[in-house]
Amino acid sequence: MYSNGVTHLLIKAGTLVDGNGAQPKKDMAVLVEGSTIVQIDHPERVQIPDGATLETCEFPDATLLPGLVDCHTHTNMPGDGTSVDDVGLESYEIHILQGVKQAKLALESGVTTMRDNGGWHRSVFWLKEGIRRELVAGPRILASGRPITMTGGHCWMMGSVADGVAEVRAAVRELVWEGADFIKVMATGGSTIGSMSERPSYTLEELQAITDEAHRRGRLVGAHTIAQKGIENALDAGVNMLIHCTFVQSDGSIGYDPKVGERIAATDTWVNPTIHVRRGFVDLLEQKRAEEGLTIEEEADLLESVKAVEDRVKVTSQLIKDGAKVIGGSDCGWHVYEFGMFHKELETLVMSGMSHGDALLAGTREAAKALGVSDIVGTLEVGKEADLLLINGDPTENISHLQNVVGVFKSGIRVR
Ligand SMILES: [Zn+2]
């Protein structure tokens, strides 16, 4: 596995946070054999097997954590404010090359597992295969491929438009056959021009058919839900994750409905609020205002975005209070959300009332559970993949410390 005949890697760190909610432990070491964690203990208690050829890495001032798990990315998208309609005008080759850049940025920031929630044609499947073959660097990817959407629906240009029960079932089968790890469905409109985010898109029957077909093939379903009616349909259809979950009412306003919130909390449905994708735009406009001033249109955009962020934080705090299973997924690549900044979304969970420690779990253990990969990643445990992040600071006290990256290992290989 390693070069020069090395069989084991010993990583010593000043502090260890295991990602299981335990208090940080001082002076710890993780022994890795191949790609797997085989011991976690104080360095003097770690037993090196006979015949092992050992390489040791020491990080006396750093905190060792599990690699981060980002539930929501778009590797085809640049994250520079280009709309999905405009990215759709780019060539397919550019979509793939964009993915190569984004995957590397994510990995170097400590995201060792991520879901891609929708890209063009088969590009994300190929990116995933390129990473597996070590042609390009990137996290372990769980790919939906193309999101399933109705005619004129959100992200129709990505290539999987399907209408009616028969067509949506066929779309699920096609995606699974091509390599989809999960199914992404657009249950309401979104930012795609003309797709009407304040309205549900698919009927309940169509959503039920998608969920049924995906579950028959062993695939989880994540539903893009902006309008509240779409959230209710998605719950009725038994999807596994509500993405955005914005509670937009038919008049376009955002208002939390506690009855729907209770339903979400009473089910096993995961919730992935995406707040920084809008908060990042606020940050950008505020910076521009300070440096060069804003146009009248930009001032209006800023005002509207500040309100939208406040509303989304309110909804998310209610969901957390009501006991919904909220996890971290950045939506990076979309709008102005750059790759490599997952901590920004986790900060918004803290703004919504989560403790820093819980926000870390939302971006590690809980996220891994939500993606169905908690048997291999998400915590530091013997038998799991050696996906490791080293940072300066303690994220259980301040989640923003996640940006102080010192080192990243994926499957036992140092990648930064
Ligand atoms: Zn998204």
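We count ligands from 1, going down the list as the structure has it; atoms in each ligand are counted the same way.
Within the protein, the number of N/O/S atoms found under 2.8 Å from the Zn ion (ligand 1) is 3.
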Requested in this report: Take His154 and Trp334, measure what ring-ring contact (aromatic ring centres under 6.0 Å, His included) needs, and give me the verdict at the end.
Outcome: CA-CA 13 Å; His154 186 37; Trp334 210 266; 5.6 Å; yes
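A donor-acceptor contact shorter than 3.5 Å is absent between the side chain of Asn20 and the backbone of Ala22. A donor-acceptor pair under 3.5 Å is formed between the side chain of Ser201 and the backbone N or O of Thr188.
Partner of Thr274 under the side chain to side chain donor-acceptor pair (under 3.5 Å) criterion, chosen from His335, Glu345, His244: His244.
In this structure, Asn272 CG and Asp331 CG are separated by 7.5 Å, a value rounded to the nearest 0.5 Å.
Scored by the side-chain contact (heavy atoms from CB on, under 4.5 Å) test, Asp283 finds His276, Arg279 as partners (sequence neighbours excluded).
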